[in-house]
Amino acid sequence: MSEISKAYTPSEVENKWYAKWVAEGCFEGRADASKEAYSIVIPPPNVTGVLTMGHVLNNTIQDILIRRARQMGKSAIWIPGTDHAGVATQTKVEKVLRGEGTSARKLGREKFIERAKDWRDKHGGIIIEQLKKLGASCDWSRLVHTLDDDYSEAVLTAFVKLYKQGYIYRGKRMVNWCPVNLTALSDEEVIMKREAGKFYKMKYEIAEEPGKFLEICTTRPETIMGDTAVAVNPDDERYAHLIGKHCWRPFPRAKIEIIGDKYVDMSFGTGALKITPAHDPADFEIGQRHNLEIIDIMNPDATMNELAGVDFKGLNRDEARKLAVQKLKELGLLIEIQDYEHNVGYSERGDVPIEPRLSDQWFLKYPKIEEAKKAVETGLIKFWPKRWEKTYIHWLDNIRDWCISRQIWWGHRIPVWYKKGVEKIDLNNPEHVYVGVNPPKDAENWVQDEDSLDTWASSWLWPFATMGWPNEDAMDKKSLKYFYPTSDLVTGPDIIFFWVARMIMAGLEFMDGDDAQKIPFKNVYFTGIIRDMQGRKMSKSLGNSPDPLEIIAKYGADGLRFGVMNCAPQGQDILFSEERVQLGRNFCNKLWNACRFRQMSGELSDNSSIEKIASRIDVSKLDADDLAVITSAIETSKAIDKDYEEYQFNSITQRLYSFFWTDFCDWYLEVSKSRLSDESAKQTVLAVQDLCLRAFLLMLHPFMPFITEELWHSMGFGKDGDFIQNQNPHFEEELSRLGIKADAAALNTTQNLRDFVSKARALKAQYKLANKRDAKFYAAADAENAAAILQNAEKLKKLCGAASIEIKENVSDCPATLSALGTIYLDLSDSIDSEAEKKRLGKEKEKLQGLINGTNARLANQAFVSKAPAKVIEGAKAQLAQYQAKLAEIEKLLSNL
RNA sequence: GGGGGUAUAGCUCAGCUGGUUAGAGCGCUUGCAUCACACGCAAGAUGUCGUCGGUUCGAAUCCGACUACUCCCACCA
């Protein structure tokens with residue numbers, strides 16, 4: 001056992017224990033049939049990312065759950081890993097290459113991937129080290145990366161299986177195209193932004209009726225060059241006669257048909273819609289219905305191509321829009337421009353408006369949609385908070401095929417090969433197409449598809465691909481049967497579609513057994529989003545995103561963890577500031593000093609078990625305060641059990657805080673001070689302190705793993721070579737067996753003593769005597785209360801700063817106050833300020849009178865008396881009697897003045 | 001357009017299934033270097049519980065409407 005320094009310095013302690021935990025294999029999960037399995041897979045962070053406050057919240061919760069599971073005797077594993085973050089990483093590496101005056105294209109695919117791997121290996125893995133700083137107790141021996149060979153095998157296997165079953169197909173479709181990253185995106189990767197734009201009203205001349213015009217509205221005049229029709233609603237009396245006729249597209253000047261289509265909303269705009277099948281999803285569909293020509297006027301980077309005409313060629317979308325408007329003006333075709341707010345889809349990564357684009361892509365028709373809905377609806381998978389179920393179901397109800405191909409190189413290359421030399425590839429002809437996890441045997445005769453898979457099309461397999469799937473040996477070695485399905489998933493609701501829903505479908509599709517065995521997890525805890533104190537999302541550009549590592553350096557990981565958890569109610573966004581962490585840091589310090597105080601109060605004896613500690617207790621020496629603090633610890637333990645079941649983490653921190661700070665330190669340790677000088681009680685008191693500290697360290701451990709481990713050992717609770725993480729946090733049963741039980745009466749007595757002390761101190765403060773250590777008090781109390789006062793006289797005197805507390809009736813000329821143990825009088829040698837005293841007591845009297853009136857009114861209310869439960873009525877009556885007694889006392893005091 | 005969420009002390013939030021005087025942390029006021037802790041101790045001040053209705057003997061709590069902020073989903077050009 002070591003000397004404890006005055007202020008807690010986290011960094012040494014944290015580094016020391018983390019290294020030890022890892023060295024001793026504390027975090028390694030092993031299949032153990034005699035134990036209940038508990039498993040979590042980490043939401044894999046971007047391999048080249050750095051730790052954000054979001055990660056801190058997320059991973060602290062996971063660490064709390066996994067540590068608690070270990071304490072509860074489960075065989076627990078937390079599987080860590082990272083994902084390759086296709087588009088994000090590709091973009092970063094390309095930027096580096098540009099700096100070197102080269103490009104991905106110039107390097108070619110092979111060399112580019114080499115460079116990307118180098119870059120990943122150099123900059124990757126930082127976040128893993130940062131998670132360790134936070135205390136994350138992942139099984140690092142099982143670190144997984146989505147581009148690992150065996151993980152890649154899982155990804156390709158899934159692709160092949162789905163392809164063979166017809167879930168995956170290739171097709172030319174309208175997709176979301178990112179003109180910056182030059183790749184297709186899924187619908188989920190498009191962020192809709194409200195944007196102030198313009199609504200342009202223009203007119204096209206009707207070819208068959210020269211001089212007559214059709215008015216059309218658009219937000220995108222730069223697509224005029226791709227128009228191949230104008231549509232009106234066939235029921236629209238204004239325009240029905242025009243259907244089948246033509247109008248003049250102004251540039252490049254051409255005759256285009258006026259068609260009728262029910263899609264057109266007669267009440268919107270002018271009721272006439274220009275149709276650009278190549279650049280708008282709705283227009284594309286209309287085009288399909290009417291066999292319209294498709295004119296793609298843009299290059300992949302969304303600049304105009306030659307089909308847009310010589311004036312436009314090479315212009316970007318903004319420039320093209322300006323030019324188009326100018327041309328309309330010159331031609332006298334522009335009627336007006338209105339301000340218009342509308343939604344524009346942005347590329348998540350590129351942060352530019354996406355361009356609807358027709359291209360050949362791979363799509364996945366989701367498997368097991370109905371089963372995925374059912375799993376959540378029937379409670380096989382539980383969402384916390386429950387309300388996210390609605391969002392989940394709604395998405396599944398409206399699900400559309402997933403565009404899984406990306407035109408980038410960093411990722412899993414699509415495992416499809418096309419026969420060389422075939423002029424027109426028929427996707428249904430096995431002579432033309434090969435799909436397999438491994439390349440075809442005569443690879444030289446085939447050419448592999450250039451695209452790679454969406455990163456989410458690899459991470460949706462995470463819960464089982466991290467456990468060896470699809471390789472039987474690996475699955476055995478990694479104990480998939482034992483650890484799958486995982487127990488809890490902790491993630492942000494922002495990836496409920498990207499990840500959570502898809503994992504559920506993947507589990508149901510690829511795993512064996514009944515649905516309860518196939519689902520990837522049993523509970524999903526959705527965290528809130530961490531924001532700054534103004535409620536803004538944390539972002540690099542705002543500079544409002546604190547660096548968790550700096551915070552850890554300043555306050556310690558335990559402080560950060562506690563601070564974050566303390567302000568993270570279930571499912572609510574979190575407004576974070578450093579002050580939160582100060583609370584946690586201060587709490588560490590308080591705990592540290594309480595243990596220090598314990599060590600200074602007396603030699604530590606054998607603390608190695610509850611039984612050993614309890615054996616030092618002389619039951620006859622236990623007083624109300626001892627029993628009360630033990631009772632409070634037991635109640636706290638029971639309450640947090642329930643909180644864990646409901647994932648109420650902030651409630652747990654609040655209970656722990658209030659038990660330790662208020663009940664244990666502010667009261668029990670203070671009370672102990674006077675009893676420690678009583679040799680006959682000393683050993684008992686110290687043993688009770690040890691019991692409480694032991695229980696508290698155990699309860700706190702999942703939230704503050706480092707300091708609790710340190711103190712667990714320095715207080716002698718643990719032996720060398722064992723760890724607090726394996727100690728059961730429950731102590732009430734064993735205590736009960738040893739004859740120490742929760743005691744409600746003791747709790748009540750202590751409440752009264754606390755009230756007495758607080759009131760006595762207030763009385764002193766009123767007379768500016770807060771520092772007087774030898775005040776004289778009198779107490780007027782009934783027999784029972786008088787006995788309590790006398791019994792606890794020593795500690796009351798110490799805590800009140802009193803030389804004496806005498807039981808005395810009918811005291812006059814003394815300022816007085818009411819307490820739970822009767823009236824307290826402060827003996828003033830100086831004459832008292834009777835005016836001030838009258839005023840003070842008068843105020844109190846008024847308050848009491850108000851309460852009495854209120855209670856009287858209630859009791860006089862026939863409806864109340866006849867309808868309220870008897871218990872409530874009795875309570876009100878007892879309350880009234882108390883108020884009245886107090887009032888009488890006050891009146892007596894007033895008349896004595 | 002559809003669906004969530006939030007509104008309680010100066011600030012950030014607890015307050016679950018309705019029942020004594022609505023709580024915590026920070027901040028504020030006053031006092032304190034008392035031998036665990038000033039990252040501390042003690043005593044205090046501060047609330048039309050968003051607005052309006054309803055249910056009830058009784059509402060911060062349940063129901064409805066409204067207002068404000070906020071998030072998600074949705075191809076009206």
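Chain naming here is simple, since letters A, B, ... match the order of the sequence lines and numbering starts at 1 in each.
Side-chain contact of A:E195 with A:Y346: a donor-acceptor pair under 3.5 Å is present, judged by distance alone.
Nucleotide B:C11 holds its P atom 22 Å from the CD atom of A:E578, rounded to whole Å. Between A:Q582 atom CD and B:G25 atom C1' the separation is 11 Å, expressed in whole Å. One interatomic measurement links the two molecules: NZ of A:K386 to C1' of B:G4, which rounds to 15 Å at whole-angstrom precision. The OH-C1' distance, from A:Y346 to B:C72, rounds to 19 Å in whole Å. The distance from atom CE of A:M565 to atom P of B:C13 is 16 Å, rounded to the nearest whole Å. In this entry the distance linking CH2 of A:W667 with P of B:A36 reads 17 Å, nearest Å. In this structure, CG of A:L799 is placed 11 Å from P of B:A43, rounded to the nearest angstrom. For the pair A:F864 CZ and B:A59 P, the computed distance is 12 Å after rounding to whole Å.
Which of B:G40, B:A36, B:C37 sits closest to the side chain of A:N589 comes down to B:C37. Among the nucleotides B:G5, B:A42, B:G19, the one closest to the side chain of A:R761 is B:A42. Across B:A36, B:C75, B:C41, the shortest atom-to-atom separation from the side chain of A:Y263 is found for B:C75. The side chain of A:K590 lies closest to B:C41 when the candidates are B:A77, B:C41, B:C72. Of the candidates B:G19, B:A36, B:A77, the closest approach to any side-chain atom of A:A868 belongs to B:G19. Here the nucleotide nearest the side chain of A:F268, chosen from B:C39, B:A77, B:U56, is B:A77. Between B:G25, B:G5, B:C57, one nucleotide has an atom nearer to the side chain of A:Y657 than all others, and that is B:G25. The listed nucleotides are B:C26, B:A36, B:G40; the one nearest the side chain of A:E579 is B:C26.
Counting any heavy atom pair closer than 4.0 Å across all strands shown, A:K673 reaches a base atom. Within 4.0 Å of A:A282, counting heavy atoms only, lies at least one base atom of the nucleic acid. Among the heavy atoms of the strands lying under 4.0 Å from A:C665 is at least one base atom, whether or not backbone atoms are also near. If you check every strand for non-hydrogen atoms under 4.0 Å, A:V865 touches nothing. Among the heavy atoms of the strands lying under 4.0 Å from A:E670 is at least one base atom, whether or not backbone atoms are also near. Counting any heavy atom pair closer than 4.0 Å across all strands shown, A:F497 reaches sugar-phosphate atoms only and no base atom. If you check every strand for non-hydrogen atoms under 4.0 Å, A:N343 touches a base. Using a 4.0 Å heavy-atom distance criterion, A:L583 is classed as a sugar-phosphate-only contact.
The same atom, C1', is picked in B:U17 and in B:C11; the two are 31 Å apart, to the nearest Å. Remark: the separation of the P atoms in B:U70 and B:C13 is 15 Å, to the nearest Å. Between B:G64 and B:U6, the distance separating the two P atoms is 14 Å to the nearest Å. With C1' as the reference atom, B:U21 and B:C39 are 33 Å apart, rounded to whole Å. Going from the C1' atom of B:G47 to that of B:G53 covers 23 Å, rounded to whole Å. B:A43 and B:A7 have their C1' atoms separated by 33 Å, given to the nearest Å. Spacing between B:U51 and B:A59 at atom C1', rounded to whole Å, works out to 16 Å. Look at the P atom in both B:G19 and B:A60: the space between them is 10 Å, to the nearest Å.
Between A:Q654 and A:T391, the one whose closest nucleotide on RNA chain B sits nearer the 5' end is A:Q654. Toward the 5' end of RNA chain B, the nearer of the two residues A:K759 and A:K642, judged by each one's closest nucleotide, is A:K642.
Base pairing of B:C57: its partner is B:G19, meeting the Watson-Crick or G-U wobble criterion (both donor-acceptor distances under 3.5 Å). For B:C49, there is no paired base (Watson-Crick or G-U wobble, both distances below 3.5 Å). In this structure B:C69 sits in a base pair with B:G5, meeting the Watson-Crick or G-U test at under 3.5 Å. Across the strands present, B:A24 finds its partner in B:U12; the criterion is a Watson-Crick or G-U wobble pair with both atom distances under 3.5 angstrom. If you check B:A77 for Watson-Crick or wobble pairing at under 3.5 angstrom, you find it has no partner at all. Of all nucleotides present, only B:C41 satisfies the Watson-Crick or G-U wobble test against B:G31, with each distance under 3.5 Å.
Here A:R754 pairs with A:D663 in a salt bridge; the nearest charged N to carboxylate O distance falls below 4.0 Å.
Taking the six-membered ring wherever Trp is involved, the centroid distance between the rings of A:Y525 and A:F649 falls below 6.0 Å. Between A:Y647 and A:W384, the ring centre distance stays below 6.0 Å.
A cation-pi arrangement is absent between A:R585 and A:Y555 under the rule of less than 6.0 angstrom and at most 45 degrees off the ring axis. A cation-pi contact, defined as under 6.0 Å to the ring centre and within 45° of the axis, is absent between A:K764 and A:F777.
The phosphate of B:U34 (OP1 or OP2) has no side-chain N or O of A:K798 nearer than 4.0 angstrom. In this model, the phosphate group of B:A77 is approached by a side-chain N or O of A:Y340 to a distance below 4.0 Å at OP1 or OP2. For A:N586, a side-chain nitrogen or oxygen approaches OP1 or OP2 of B:G40 to under 4.0 Å. OP1 or OP2 of B:A43 lies within a sub-4.0 Å distance of a side-chain N or O belonging to A:S758. Contact annotation: A:K390 reaches the phosphate of B:G4 (side-chain N/O to OP1 or OP2, under 4.0 Å).
Heavy atoms of other residues, nucleotides or ligands lying less than 6.0 angstrom from CD of A:Q862 number 12 at most.
Looking at A:R585, its side chain comes within 3.5 Å of the base of B:C39 through a donor and an acceptor atom. The base of B:A14 is not paired with the side chain of A:Q648 by any donor and acceptor separated by under 3.5 Å.
No side-chain heavy atom of A:Q288 sits under 4.5 Å from any side-chain heavy atom of A:M174.
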(message) Test ring pair (Phe, Tyr, Trp, His ring centres under 6.0 Å) on A:F664 and A:F696; report intermediate values, then the result.
(response) CA-CA 10 Å; A:F664 185 71; A:F696 181 69; 7.9 Å; no
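For the side chain to side chain contact (heavy atoms under 4.5 Å, CB included) with A:C217, the lone residue among A:Q338, A:K274, A:M202, A:K201 that qualifies is A:K201.
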